[in-house]
Amino acid sequence: MINFKNKDIVSKMTIIGIAAISLLIIVISVVLVTTFSGDDEPTTATDETETTDTVVEDETDKVFDRALAVVNYVDAEADSLMIYDIEDLTMVTLKMNSAIEIKDEYGTDIVLAQIDVGDMVEVKYDTISMVPEDVRITAKTWERKDVSNMEVDTESKVIKISNDVYSYTDELVTSDNGKAFDISQLSTADEALVKGYKDTVWSVVLVNGHGTVTLVNHDVFIGGQLQVGNRLSYTIESDMSIPLAAGVHQIVVSKDNMTPYVKQIMVEEDQEVIIDLSEAQPKVGQVDFLVLQDGVTVYINDEPVDLTEEIVLDFGTYQIKAEAENYVTWESELVLSQAYQQFKIDLDKTPTYVFINQPEGADVYMDDVLIGTIPTQAPFTPGSHTIQLRREGYITSEAYKYLWEDDGMNRYLVLPQLIQEAEENTPEETEGTEETDTVVEDIYGTTGQ
């Protein structure tokens with residue numbers, strides 16, 4: 001009797017075995033096909049070697065180069081970008097189009113018109129078609145903003161910024177509103193954006209130009225200080241003209257003993273601003289007393305001053321008095337309103353008088369000038385004088401001569417009586433009179449004949 005149960009088990013195991021062998025054969029075949037289906041030549045490290053500047057893309061037959069460069073020229077309308085490769089030291093003109101990827105240093109998409117002359121860029125371009133694959137404003141280079149007080153040594157091709165010294169080459173890019181300028185014309189007052197790589201400056205872009213400030217009528221401020229804002233200070237000279245960055249500036253002109261001159265000015269590029277200090281006022285002044293007499297004591301507000309020393313006073317009004325022996329006390333007012341002022345003092349002599357009391361009623365002439373009717377008195381100046389008496393009905397006296405010294409003393413004269421015309425002497429009497437000298441007495445010892 002056949003056992004059908006056992007027969008089914010054997011059949012199943014046979015089928016499973018055949019299926020397993022078939023699966024194994026398929027796996028082995030796949031492995032063998034995979035192993036022997038590659039290139040006949042093994043892959044070598046040489047095929048994967050990267051070059052620094054050149055990338056060969058066989059599928060497009062393009063040869064690419066990379067450059068770190070400074071932008072020399074941008075023409076957005078003509079889709080042209082001229083750059084100078086600062087590593088290979090070559091000028092390259094790239095053909096641009098809208099499909100080219102352009103990014104700023106932050107990775108933001110920009111257009112060609114947003115690239116400026118003097119920008120530093122990295123590019124990858126086809127050396128055959130000169131079409132770049134991408135252009136990026138680089139962050140590998142450095143830049144310094146709002147730089148002023150730059151010192152340029154054109155002979156050594158050196159630019160000094162603060163304490164840092166950089167070199168530059170003939171390919172230095174300069175730009176003032178897109179136009180190149182001579183780096184030797186750069187003023188310390190100019191403000192610029194400076195870009196470079198390592199220790200070399202490759203571009204100087206003028207951000208703010210300068211004008212000139214000139215002082216006139218400023219003699220009293222020479223040696224003082226001209227302050228511009230909080231950063232710049234200059235010693236004032238006879239010829240004073242300085243460059244200043246375009247813009248609004250606070251100007252302070254100062255000197256000891258002078259009221260500071262303060263003004264806000266607007267400086268425009270390439271323009272001159274004139275500051276006229278003729279109306280500037282000092283706050284103290286020097287007084288030079290010009291005294292015409294000797295031995296004079298001068299008082300300022302009743303305080304004696306030493307005229308041998310320099311006299312400096314605050315601006316204002318002062319009472320001046322001068323005294324000297326044999327002179328009339330002199331008083332005046334001094335109004336000091338300038339840095340230097342000369343003040344003249346001229347005293348009058350204390351007048352000396354001649355007193356005549358006799359003969360009463362006679363007119364007295366001194367040097368042929370009527371000075372009064374006796375009794376009278378009149379001032380006189382030292383020196384030679386003549387005195388003559390005249391009276392109606394009387395014979396005019398002779399001219400008595402006197403020499404009075406400058407001793408400050410008054411003179412008292414005793415003169416002879418006049419002779420009435422009716423009592424005129426006979427010729428004999430007259431002759432006798434002429435033989436007798438007439439003596440006119442001056443009680444201080446001076447006689448006149």
Side-chain angles (χ1 to χ4, degrees), residues 70-72 74 114-120 137 141-168 172-196 200-218 221-255 260-280:
V70 57
V71 175
N72 279 66
V74 181
Q114 291 177 274
I115 295 180
D116 296 318
V117 172
D119 280 344
M120 305 292 291
I137 296 179
T141 57
W142 53 262
E143 70 175 40
R144 299 180 68 160
K145 299 180 179 179
D146 300 329
V147 176
S148 60
N149 293 318
M150 282 191 294
E151 299 178 17
V152 180
D153 184 345
T154 56
E155 184 175 347
S156 302
K157 285 188 167 51
V158 165
I159 295 177
K160 184 177 180 181
I161 304 175
S162 297
N163 295 322
D164 300 322
V165 178
Y166 304 94
S167 62
Y168 70 91
L172 173 70
V173 175
T174 60
S175 176
D176 180 6
N177 291 323
K179 296 181 180 179
F181 64 89
D182 188 342
I183 190 63
S184 65
Q185 302 302 312
L186 190 71
S187 167
T188 55
D190 292 327
E191 296 178 0
L193 173 63
V194 182
K195 298 182 181 182
T200 302
V201 172
W202 286 104
S203 75
V204 177
V205 178
L206 194 64
V207 176
N208 190 28
H210 73 278
T212 304
V213 174
T214 301
L215 303 186
V216 297
N217 299 319
H218 62 291
F221 284 99
I222 292 176
Q225 293 294 309
L226 169 61
Q227 188 79 24
V228 182
N230 297 321
R231 297 192 305 166
L232 301 177
S233 182
Y234 305 87
T235 298
I236 298 175
E237 301 174 351
S238 56
D239 295 324
M240 196 68 192
S241 184
I242 61 171
L244 281 184
V248 178
H249 298 276
Q250 184 83 359
I251 300 293
V252 179
V253 182
S254 62
K255 187 183 179 183
Y261 177 89
V262 182
K263 187 175 183 179
Q264 191 174 71
I265 62 172
M266 176 66 188
V267 178
E268 297 183 8
E269 191 169 341
D270 299 325
Q271 299 298 314
E272 182 181 33
V273 177
I274 302 293
I275 298 180
D276 188 346
L277 296 175
S278 59
E279 296 182 359

Participant: Find out whether T154 and Y168 are in side-chain contact, i.e. whether some heavy atom of one side chain is under 4.5 Å from a heavy atom of the other.
Facilitator: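 A side-chain contact exists here, since the closest heavy-atom pair is under 4.5 Å.
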
Participant: Between H249 (side chain) and Q264 (backbone), is there a donor-acceptor pair under 3.5 Å?
Facilitator: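 Flag not set: sc H249 to bb Q264 has no pair under 3.5 Å.
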
Participant: What pair of heavy atoms forms the shortest contact from E191 to S148, and how long is it?
Facilitator: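 Smallest interatomic distance, heavy atoms only, reads CG-CB, 4.2 Å.
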
Participant: For Q114, does the CD atom have more than 12 heavy-atom neighbours from other residues, nucleotides or ligands under 6.0 Å away?
Facilitator: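 Correct, the count exceeds 12.
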
Participant: Taking the side chain as every heavy atom from C-beta outward, state whether V228 and Q250 have any atom pair closer than 4.5 Å.
Facilitator: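 SC-SC contact between V228 and Q250 ruled out.
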
Participant: So how far is it from T174 OG1 to L206 CG, rounded to the nearest 0.5 Å?
Facilitator: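 One gets 9.5 Å once the value is rounded to the nearest 0.5 Å.
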
Participant: Compare every heavy atom of M240 with every heavy atom of I242, then report the nearest pair and how far apart it is.
Facilitator: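 Closest approach of I242 to M240: CG2-CE, 4.0 Å.
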
Participant: For Y166 and W142, I'd like to know if the aromatic rings sit close, meaning centre-to-centre distance below 6.0 Å.
Facilitator: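 Ring centroids of Y166 and W142 are less than 6.0 Å from each other.
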
Participant: Could you report the tightest heavy-atom contact between A245 and A189, atom names first, then the distance?
Facilitator: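 Shortest heavy-atom separation between A245 and A189 comes out as CB-O, 3.2 Å.
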
Participant: Just by modelled atom types, is the E272 backbone N or O under 3.5 Å from a matching donor or acceptor in the T212 side chain?
Facilitator: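 No.
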
Participant: So, for H210 and D190, which heavy atoms are closest and what is the spacing to 0.1 Å?
Facilitator: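 That closest heavy-atom pairing would be ND1-OD1, 2.7 Å.
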
Participant: Decide yes or no for M150 and L186: does some side-chain heavy atom of the first lie under 4.5 Å from some side-chain heavy atom of the second?
Facilitator: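 Contact flag for M150/L186 side chains = yes.
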
Participant: Can you confirm whether more than 12 heavy atoms, excluding those of D182, are under 6.0 Å from its CG atom?
Facilitator: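 Counting other residues, nucleotides and ligands, CG of D182 exceeds 12 neighbours.
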
Participant: Under the side chain to side chain contact (heavy atoms under 4.5 Å, CB included) criterion, do I183 and L172 qualify, and how do the steps go?
Facilitator: CA-CA 9 Å; I183 190 63; L172 173 70; 4.1 Å; yes

Participant: Quick check: closest heavy atoms across V204 and F181, and the distance to 0.1 Å?
Facilitator: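 That closest heavy-atom pairing would be O-CE2, 3.9 Å.
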
Participant: Can you tell if the side chain of I251 reaches within under 4.5 Å of the side chain of V262, non-hydrogen atoms only?
Facilitator: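 I251 vs V262: side chains apart.
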
Participant: Would you check, one step at a time, whether the test side chain to side chain contact (heavy atoms under 4.5 Å, CB included) holds for I265 with V213?
Facilitator: CA-CA 9 Å; I265 62 172; V213 174; 3.7 Å; yes

Participant: Is the closest side-chain heavy-atom distance between L226 and F221 below 4.5 Å?
Facilitator: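 No, too far: nothing below the 4.5 Å cut-off.
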
Participant: Is there a donor-acceptor contact under 3.5 Å from the side chain of K255 to the main chain of I222?
Facilitator: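 Checked: pair present.
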
Participant: Could you give me the CA-CA distance, side-chain angles and deciding distance for Q225 and S254, then say whether side chain to side chain donor-acceptor pair (under 3.5 Å) is met?
Facilitator: CA-CA 5 Å; Q225 293 294 309; S254 62; over 6 Å; no

Participant: Using the rule given for side chain to side chain contact (heavy atoms under 4.5 Å, CB included), can you reason through I275 versus Y261, listing the C-alpha separation, both sets of side-chain angles and the distance that settles it, and then say yes or no?
Facilitator: CA-CA 10 Å; I275 298 180; Y261 177 89; 3.6 Å; yes

Participant: Distance check, rounded to the nearest 0.5 Å: I159 atom CD1 versus K157 atom NZ?
Facilitator: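 That separation rounds to 11.0 Å.
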
Participant: Please find the pair of heavy atoms, one from V207 and one from L193, that lie closest to each other, and give the distance.
Facilitator: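 For V207 and L193, the tightest heavy-atom pair comes out as CG2-N, 3.6 Å.
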
Participant: Determine, stepwise, if the pair E269 / D176 fulfils side chain to side chain contact (heavy atoms under 4.5 Å, CB included).
Facilitator: CA-CA 12 Å; E269 191 169 341; D176 180 6; 3.8 Å; yes

Participant: Treating D119 as the side-chain partner and V71 as the backbone partner, does any N or O pair qualify as donor plus acceptor under 3.5 Å?
Facilitator: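 Not confirmed, D119 side chain does not pair with V71 backbone.
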
Participant: Under the 3.5 angstrom rule, does the side chain of S162 hit a backbone N or O of D164 as a donor-acceptor pair?
Facilitator: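 The answer is no, because no donor-acceptor pair under 3.5 Å joins these two groups.
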
